[in-house]
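Report on one structure; see the data block that follows.
So you know, we letter chains A, B, ... as the sequences are listed, proteins then strands, and number each from 1.
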Amino acid sequence: MTFAFPNLVPVLPEIFLLTALCAILILDLFVSEANRFLVYAFSQLTLVVTAGLLVMGATGAPISTFEGMFIDDPMARTLKIFAILAVALMLAYSRSYNSSRGLSRGEFYVLVLFALLGIMVMVSANHFLVLYLGLELLSLSLCALIALQRDAVRATEAAMKYFVLAALASGMLLYGMSMLYGATGSLQIPVVASVIQSGTADPAILVFGLVFIVAGLSFKLGVVPFHMWVPDVYEGAPTAVTLFVGSAPKIAAFAFFMRLLVGGMGSMVTDWQPMLIIVSVLSMLLGNVTAIAQTNIKRMLAYSTISHMGYLLLGILSGTDAGYSSAMFYVASYVLTTLGGFGIILLMSREGFEADRLEDLKGLNKRSPWYAFMMLVVMISMAGIPVSVGFFAKLSVLSAALDAGLTWLVVFAVLMSLIGAFYYLRVIKLMYMDEPADAAPLIADTDHRVLISVNGAAILALGILPQPLIDLCTMAITQSLRG
Amino acid sequence: MSMNDLYLLVPMAPLLGAVVAGFFGRTLGRRGSHVVTILGVAISFIASVVIAQDVFAGHSFNGTLYTWLSTGNVSLVVGFLIDPLTVTLMLIVTFVSLMVHIYTIGYMHEDPGYQRFFSYISLFTFSMLMLVMANNFLQLFFGWEAVGLVSYLLIGFWYTRPTAIYANLKAFLVNRVGDFGFLLGIGLVLAHFGTLDYATVFSMVPQMAKETIELIPGSPVSLLTVTCILLFIGAMGKSAQMPLHVWLPDSMEGPTPISALIHAATMVTAGIFMVSRMSPLFEYSETARSVVLVIGASTALFMAFLGIIQTDIKRVVAYSTLSQLGYMTVALGASAYPVAIFHLGTHAFFKALLFLGAGSVIHAMHHEQDMRNMGGLRKYLPITYWTAVVGSLALAGIPPFAGFFSKDAIIEAVQATHIAGAGYASFAVLAGVFITAFYSFRMLFMTFHGEPRMDHHVREHLHESPWVITVPLILLAIPSVLTGYLYIEPMVFGNYFGASITVLPENGGLHEMRQEWQGVGNFVQHGLLSLPFWLAVSGIVAAAALYLKWTHVPALIKARLMPLFTVLDNKYYFDSFNERVFAGGARLLGGGLWRIGDEKIIDGGMVNGSANAVARLSQRLRRVQTGYIYHYAFVMIFGVFALMSLWFIKA
Amino acid sequence: MDFTTVIFSAFALTLLGAGMGVILSRNPVHAALFLVLAFFTGAGLWMMLEAEFLAITLVLVYVGAVMVLFLFVVMMLNVDLDRLREGFWQHLPLGAGVALIMVAEMVLVVSSKQFSKLGADLQPASETVSNTRDLGMQLYTHYVYPFELASVILLVAIVAAIALTLRKRKDSKHLDPAQQVLVKASDRLRIVSMRSEGDQ
């Protein structure tokens with residue numbers, strides 16, 4: 001039995017992150033309540049250094065280590081950097097919210113960083129076991145985060161639901177993976193891919209496993225009919241956690257799809273394409289239609305997320321490189337937009353007031369024209385109206401689906417986005433046309449204000465000049481898939 | 001600094017100036033704002049001069065700087081095409097803009113919107129430069145719309161005046177008509193050529209010359225003709241050709257510097273520039289050129305008539321601009337694109353001069369614009385007077401002033417053309433010469449000569465304008481004298497434009513002229529003996545007779561020819577026609593569609609109907625979310641079951 | 001049918017029966033005990049596969065630790081399972097129908113010939129080296145990355161458990177002797193200078 005010491009260089013960012021978060025865990029014991037800011041600052045510093053390590057270590061060609069269990073390719077690096085950016089923004093947005101709600105504990109930051117580690121592991125996984133462990137790391141951290149506000153009944157309930165359903169989904173995923181293992185005799189994704197391609201595996205077992213894998217993946221993405229946890233968790237969790245649940249994990253879910261379906265079972269595209277079409281159609285329909293009836297903005301955004309994930313699937317299911325990179329572009333723009341939207345909700349909330357009902361947005365323009373404008377930008381981006389990044393995101397996934405010959409699906413998606421535009425525009429109407437119910441001025445920290453403005457500006461800037469991000473996604477996908 | 005950076009610097013310097021003055025104007029103060037914008041334009045002008053030297057040394061450039069987006073095989077890019085045609089326009093735009101910037105310091109110094117004004121005119125300079133430097137239709141269209149937007153903002157600069165708001169709305173709407181045609185033209189190019197890049201499109205023209213399309217099924221028409229006419233409709237809007245000219249006289253509601261910059265020297269010539277740029281397309285369609293010729297000739301003649309009866313000093317200059325734009329368009333129709341650009345250049349200088357001169361008068365008269373209340377200003381405003389004389393002589397076409405050369409060249413080019421409408425056009429341009437000389441000197445005499453007619457109070461305060469106003473006048477007077485003499489040989493008869501303008505050998509007017517060319521001296525000599533010169537002189541004499549000698553006669557003539565005067569006073573009823581038919585019709589149609597189409601069918605039936613259906617569905621779906629965990633789990637399991645069963649059924 | 005098949009069938013049937021017992025029994029303590037039985041039979045199956053280490057670990061960890069804890073909780077909370085299972089019978093027909101079809105489909109797939117081939121190319125465990133050692137070798141060399149990840153997951157579980165349960169009660173009235181001995185006179189006694197009555 002020979003064993004070569006693994007090359008640790010590609011894993012350096014993950015190793016650093018883990019070490020730093022253990023250090024923060026210990027640091028937290030020694031700082032007093034007044035110096036809690038230190039924990040926050042160290043967390044942000046950790047993110048900066050991790051991102052720095054990722055950028056510095058970037059190489060063009062895919063490198064794998066740990067006997068092929070870990071893969072470091074341009075797609076992984078890009079997605080990791082997206083995720084780190086999302087987490088950094090999320091931490092900054094939620095700082096004052098957390099401190100006014102007793103959430104600003106060391107555990108919050110540590111759990112967020114654990115979840116980020118889970119995301120990074122998943123993004124780089126090239127082995128079923130690693131993929132699954134990364135997923136559990138993420139799920140468990142998220143679950144703890146949701147329940148962190150112990151005295152809130154809704155949060156505990158949401159965490160409970162998430163935990164049980166995630167366990168069910170994990171079970172399905174494991175079952176599917178074991179079927180694939182049974183059919184191909186390996187857990188290594190490239191080996192599985194080559195066995196499937198060679199045609200020696202029994203197709204019935206493969207499809208059987210595929211069904212369970214699609215179900216498990218769909219749960220992570222939160223698409224119909226595996227979406228039931230999404231609205232309850234979005235609503236029940238503290239807004240800061242909702243922001244987290246709605247942003248970075250979607251990047252991991254996208255990577256999950258890419259690794260398992262495209263990387264592992266790419267040659268079975270004719271089998272999984274129809275499954276994803278069903279899921280995508282249901283998500284776009286149910287997400288957009290149900291969002292209209294919501295009165296709680298977090299719930300509304302939950303359904304909006306469901307529909308967005310349906311659009312994201314359009315890119316993946318077209319089964320082409322252009323489709324995958326459009327889906328990657330979609331997930332990046334979705335995360336950016338979601339961060340902005342929740343950032344404003346967080347900004348509006350204050351001690352003892354969540355600002356999570358649609359009514360709370362009434363007359364925002366009169367209270368603060370700038371934030372109202374930022375929210376407007378977020379909403380037009382979510383609705384996919386031009387001069388926002390959301391428009392190009394929708395356009396690119398739709399054109400990918402069109403190129404794949406799925407014209408009817410594109411027509412349906414466009415119709416659904418018309419319905420979707422209704423509730424996004426209703427938010428704009430509330431902000432600009434209605435009288436404010438509450439005249440309290442909005443108070444926010446300088447960093448929060450600046451970041452919100454930068455976030456909104458980025459949505460607009462990428463809506464005018466999307467090419468750099470599109471190019472980045474295309475580069476990441478083609479170099480990672482085609483070597 | 002490489003040439004590429006220099007190209008980029010030309011539009012970016014004014015843009016930066018505009019942004020700084022626009023967003024930080026309040027902090028910078030008035031002085032800071034004008035310093036930063038003038039600096040931007042000056043840098044741009046100097047860079048243009050350097051580029052011009054480089055281009056005339058033989059270094060053209062055509063390249064993409066930035067790919068904005070690429071979808072499929074069409075890329076939308078920002079790129080520059082730097083050739084003799086472009087640099088000519090760049091020099092004119094930056095020079096006139098610089099003069100106007102300096103002039104504005106004096107003219108607007110009391111205005112509360114000082115910084116805003118500087119920001120706008122710098123933004124305009126940027127947009128216009130993007131327009132002329134474009135190497136593709138998209139960027140051309142961007143520049144086209146951007147100058148339109150700034151023009152809209154500047155006409156309505158004094159937004160508290162209802163007339164200004166009316167005028168800018170009118171300019172905006174009329175330009176929409178033109179832009180619609182323009183956009184359709186660009187659409188046709190994209191659809192049939194598959195690209196928006198100039199060079200590619202032009203290289204494909206010869207093989208597309210025989211292409212036809214069916215606008216009405218069953219009757220094919222030449223693709224190039226349709227495209228050219230649509231593009232020309234765009235030019236008609238921007239360059240104010242009949243019948244889309246109605247906005248330009250009203251645009252005089254804006255401050256005088258922008259009348260000089262935008263509505264005389266630069267933006268309105270965008271159409272002329274565009275057609276010259278598209279010369280490879282227009283050369284292949286005689287029908288399109290005939291349309292251009294006839295419309296240009298009509299504008300040249302009929303708008304000149306209107307100049308005779310105006311009493312507002314700026315409106316006289318405005319109508320003369322319309323008429324001169326007509327001249328340029330005639331030159332385009334006659335395939336004499338270099339001549340059109342030549343006239344564009346000389347006209348930019350002397351017309352900016354006349355506008356700024358008129359502005360100087362208005363400034364001195366405390367914003368009085370009616371010439372009936374002026375007179376005898378020669379004594380009080382000597383510099384303004386002499387520069388106005390130069391401008392008027394150039395406009396009237398008296399040698400050796402610039403206008404003489406360019407106008408004579410146009411007349412010769414038209415006479416050498418034989419396409420449909422050429423006879424009408426040559427009559428129109430000849431008659432126009434007399435009328436032009438007449439109204440321009442009528443204006444000069446009414447303003448500067450005769451008895452002072454202003455009230456006592458104004459008269460006491462009359463004095464020459466400050467140096468920031470007079471220096472630009474003098475600087476503009478110099479090219480108004482010299483450019484004609486210096487540039488007629490290279491621009492019209494030489495190979496100045498190189499490959500940037502295409503004239504096919506069979507469309508020969510220009511080629512014939514070139515064969516007969518025997519030097520500038522000879523041209524002047526010939527000009528002194530020919531009809532246009534004597535028409536111009538007689539126009540001046542007639543003006544002198546009516547407005548210096550027998551000043552009671554004009555009133556008599558007016559009384560005798562009352563019906564004709566009414567027609568002219570109502571500007572051929574274009575405005576009332578538009579107001580009644582288009583505006584009224586649109587209101588009627590809109591009202592009808594609103595009440596029946598929108599409220600009944602769309603709102604009542606489709607929107608509310610479908611919205612209600614969606615809302616009902618939404619309420620029902622909402623109830624699915626029960627909150628019970630075992631329901632959720634069951635839905636998931638059922639999902640797996642459904643997916644699995646589907647595959648079993650399939651297999 | 002040889003002896004091992006008989007043993008296997010016995011274990012397997014007991015396992016299924018115990019599983020049913022977990023969800024069907026009315027008394028939560030019974031349900032927990034059924035789960036213990038399920039673990040035991042599962043361990044027996046592993047034993048038959050010569051995976052002794054896993055079998056023993058299952059018994060030690062799950063039966064010995066987890067289930068005992070579970071029983072404690074169930075007894076302390078006095079959960080009323082019957083109330084929780086309201087609607088069980090009502091939804092049974094639909095649930096059972098779906099379950100039956102799914103089982104049928106699974107059987108169709110799993111009975112495929114592919115699975116019978118699977119064991120063929122697997123190496124039997126070494127005769128000389130113990131099962132535990134073999135497992136250790138694998139875990140600490142080839143599978144070191146997943147192993148480390150699993151340890152991180154445990155760390156998350158610890159952090160989460162503490163974060164969710166440990167609370168410093170503000171309302172408990174206990175005394176801290178360490179603080180008490182550090183007290184100074186000035187903390188307890190304040191000398192206030194007052195004008196005496198006679199001065200007034």
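A 6.0 Å sphere centred on CZ of C:Phe8 holds no more than 12 heavy atoms belonging to other residues, nucleotides or ligands. When the shell of 6.0 Å around CZ of A:Phe163 is examined, it contains 12 or fewer heavy atoms from other residues, nucleotides or ligands. Within a 6.0 Å sphere centred on CE of A:Met160, other residues, nucleotides and ligands contribute 12 heavy atoms or fewer. Atom CZ of C:Phe70 has 12 or fewer neighbouring heavy atoms from other residues, nucleotides or ligands inside a 6.0 Å radius. Environment of OH in A:Tyr40: crowded, with over 12 heavy atoms of neighbouring residues, nucleotides or ligands closer than 6.0 Å. Open room surrounds CE on C:Met20; 12 or fewer heavy atoms of other groups in view lie less than 6.0 Å from it.
Ring planes of C:Tyr145 and A:Phe70: perpendicular class, angle over 60° (limits at 30 and 60°).
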Exercise. Which is it for C:Glu148 and A:Phe66 under the side chain to side chain contact (heavy atoms under 4.5 Å, CB included) test, yes or no, and what are the steps along the way?
Worked result: CA-CA 12 Å; C:Glu148 289 292 334; A:Phe66 285 120; over 6 Å; no
Exercise. How far apart are the C-alpha atoms of A:Phe114 and C:Ile153, what are their side-chain angles, what is the distance that settles it, and do they pass the side chain to side chain contact (heavy atoms under 4.5 Å, CB included) test?
Worked result: CA-CA 9 Å; A:Phe114 268 127; C:Ile153 292 178; over 6 Å; no
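Within the 4.5 angstrom heavy-atom criterion, atoms from both the backbone and the side chain of A:Leu148 approach chain C. With a threshold of 4.5 angstrom between heavy atoms, A:Leu145 does not approach chain C through any atom at all. Within the 4.5 angstrom heavy-atom criterion, atoms from both the backbone and the side chain of A:Leu137 approach chain C. With a 4.5 Å cut-off on non-hydrogen atoms, C:Ala157 touches chain A through its backbone and its side chain both. At a 4.5 Å heavy-atom cutoff, the contact between A:Cys22 and chain C is made by side-chain atoms alone.
Rounded to the nearest 0.5 angstrom, A:Glu14 CD and C:Leu149 CG are separated by 9.5 Å.
Minimum interatomic distance between A:Leu133 and C:Pro146 (heavy atoms only, all atoms of both residues): CD1-O, 3.2 Å. Summarising the geometry of C:His142 relative to A:Met69, their closest heavy-atom pair is O-CE, 3.3 Å, with the distance given to 0.1 Å. Considering all non-hydrogen atoms of both residues, C:Leu164 and A:Ala144 come closest at CD2-O, 4.0 Å.
Looking at heavy atoms from C-beta onward, C:Met106 lies in side-chain contact with A:Phe208 at the 4.5 angstrom threshold.
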